[in-house]
2 protein chains.
Amino acid sequence: MPGANYFSGSFTHRIDGKGRVSIPARFRALLEDQGESEMMVIPSYKDGVMEAFPRRVLEGIFERLEEKDPQSEEVEDLATYLFGGANTLSFDKDGRVVLSPELQEAIGVTDQVVFMGRADRFYMLSPERSKEVLEAARIRSREKHRGALAPRRRAPLVQVASLPDEDA
Amino acid sequence: MPGANYFSGSFTHRIDGKGRVSIPARFRALLEDQGESEMMVIPSYKDGVMEAFPRRVLEGIFERLEEKDPQSEEVEDLATYLFGGANTLSFDKDGRVVLSPELQEAIGVTDQVVFMGRADRFYMLSPERSKEVLEAARIRSREKHRGALAPRRRAPLVQVASLPDEDA
DNA sequence: TTTGATCCCATGTAGTGCCATGAGACCGGT
DNA sequence: ACCGGTCTCATGGCACTACATGGGATCAAA
């Protein structure tokens with residue numbers, strides 16, 4: 001945990017009768033490092049995937065864009081999408097959040113959720129979908145970024161390869 | 001709740017026989033944080049949508065424009081639109097407001113209203129319309145802002161002193 | 001008196017906090 | 001290597017509170 005900067009790894013957790021799920025301890029620790037006891041989830045551009053952010057990351061995205069061009073239709077749409085589509089999930093002392101039936105349905109989960117780290121955020125999706133997403137990303141990465149995992153000449157030990165956004 | 005700066009999330013509430021609706025608790029808390037026990041409501045540019053602001057946000061919008069261009073016809077029109085078209089809805093101890101028949105008709109609601117957060121304000125609209133608005137915003141955002149949600153190159157999630165900048 | 005608005009109270013349910021259990025990881029001692 | 005102890009963490013259950021919502025009482029204006 002100490003020094004972890006990014007969400008990484010995949011964890012499958014169980015949803016109980018009330019819709020509660022434990023956030024993976026590592027993810028929770030990362031959120032709490034930033035003084036947040038909540039996260040924001042929003043449907044991804046990818047189908048069947050929810051993205052989870054610390055709140056300030058989401059707000060930062062918005063503020064940065066608004067600063068640039070407050071009136072534009074694009075920023076309007078983005079604000080609607082980000083803030084209208086977002087849910088704030090605050091976790092209790094045990095590190096659990098409640099997934100409303102709508103949220104469960106949105107990502108097609110019933111009794112298990114996968115938390116998949118993805119740098120500054122993480123995904124929440126069904127076990128099946130997570131395999132697809134991971135495998136698709138692996139294949140595309142192999143094709144386009146053969147060298148990504150090779151040692152870099154000047155790279156420090158902890159350097160993380162920055163992969164571009166994959167396509168839906 | 002602590003520190004929430006923006007309206008976010010969507011909530012569907014029921015209108016009773018007298019036209020009363022509960023403001024979502026989170027939204028109400030945000031309004032009350034600003035010392036307001038009322039909100040201003042005004043028809044949006046978008047059809048079938050009402051926008052709800054804390055009073056000071058509405059006044060701020062006007063003042064900013066007036067400052068920029070005090071005499072223009074645009075500002076005249078805006079002032080008319082903003083102040084003429086606005087309704088003040090104050091909420092009671094239970095956090096409810098009354099939607100007059102005219103307001104209900106304006107957004108085409110009969111027994112349910114959706115409150116949709118949108119940064120410094122929120123929308124009020126029918127359940128059907130809310131799905132349209134949200135989905136349209138999502139699609140357009142995806143097209144125009146592919147990268148908007150992408151991680152920022154130089155901004156690690158948790159700032160760490162010893163990490164070098166990412167460019168080679 | 002009627003209508004419309006505001007307030008107050010009642011109730012069910014969903015949300016949240018708190019505690020208990022149990023599995024697994026980790027560690028230290030022998 | 002074996003064993004016991006402790007710690008972490010996921011998960012379940014129970015209890016309480018907050019909140020949305022309905023109904024009735026009060027009050028004022030028409």
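Every chain is numbered from 1, with letters handed out A, B, ... down the list of sequences. The basis for the numbers below is simple: all heavy atoms, side chains too, and nothing from hydrogens, waters or symmetry mates. Remember, predicted model here, so these are calculated numbers, not experimental data.
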Please give, in whole Å, the distance from [N] [atom2] to [X] [atom1]?
X: B:Arg26; N: D:dA18; atom1: CZ; atom2: P; result: 15 Å
X: A:Asp92; N: D:dA10; atom1: CG; atom2: C1'; result: 12 Å
X: A:Lys18; N: D:dA10; atom1: NZ; atom2: P; result: 18 Å
X: B:Phe115; N: D:dC19; atom1: CZ; atom2: C1'; result: 14 Å
X: A:Arg20; N: D:dA10; atom1: CZ; atom2: P; result: 14 Å
X: A:Lys93; N: D:dT8; atom1: NZ; atom2: P; result: 14 Å

Any side-chain donor near an acceptor of the partner, A:Tyr45 and B:Arg142, under 3.5 Å: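 On atom types as modelled, these side chains do not qualify, holding no pair under 3.5 Å.
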
Between B:Ser100 and B:Glu102, a side-chain donor and acceptor under 3.5 Å: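 Present: a donor and an acceptor within the cut-off.
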
DNA chain C: 5'-most and 3'-most nucleotides touching chain A, 4.0 angstrom heavy-atom criterion: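 Under 4.0 Å from chain A, the extent on DNA chain C is C:dT16 to C:dC19.
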
Salt-bridge present (B:Arg138, A:Asp47; N to O < 4.0 Å):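 Salt bridge present between B:Arg138 and A:Asp47.
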
side-chain contact (heavy atoms from CB on, under 4.5 Å) partner of A:Leu89, the single match among A:Val41, A:Val21, A:Ile23: A:Val41

Test side-chain contact (heavy atoms from CB on, under 4.5 Å) applied to A:Pro54 and A:Met40, A:Glu59, A:Gln34, the passing residue: A:Gln34

Selection from D:dG23, D:dG12, D:dA10 that lies nearest to any side-chain heavy atom of A:Arg96: D:dG12

Any residue meeting ring pair (Phe, Tyr, Trp, His ring centres under 6.0 Å) with B:Phe53, in chain and number order, not counting sequence neighbours: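 Listed in chain order: nothing, the list is empty.
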
5' precedence on DNA chain C between B:Asp94 and B:Ser90 (nearest-nucleotide basis):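 By nearest-heavy-atom nucleotide position, the 5'-most residue is B:Ser90.
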
Members of residues 9-16 of chain A that approach DNA chain D, where some heavy atom sits under 4.0 Å away: A:His13, A:Arg14, A:Asp16

Non-hydrogen side-chain atoms of A:Met39 and A:Leu31 separated by less than 4.5 Å: yes

Gap between atom CG of A:Asp120 and atom CD of A:Glu51 - 0.5 Å precision: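 Here the interatomic distance stands at 9.0 Å.
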
A:Phe27 and A:Phe115 aromatic ring geometry - parallel, tilted or perpendicular at 30°/60° bounds: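 Ring orientation of A:Phe115 relative to A:Phe27: perpendicular.
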
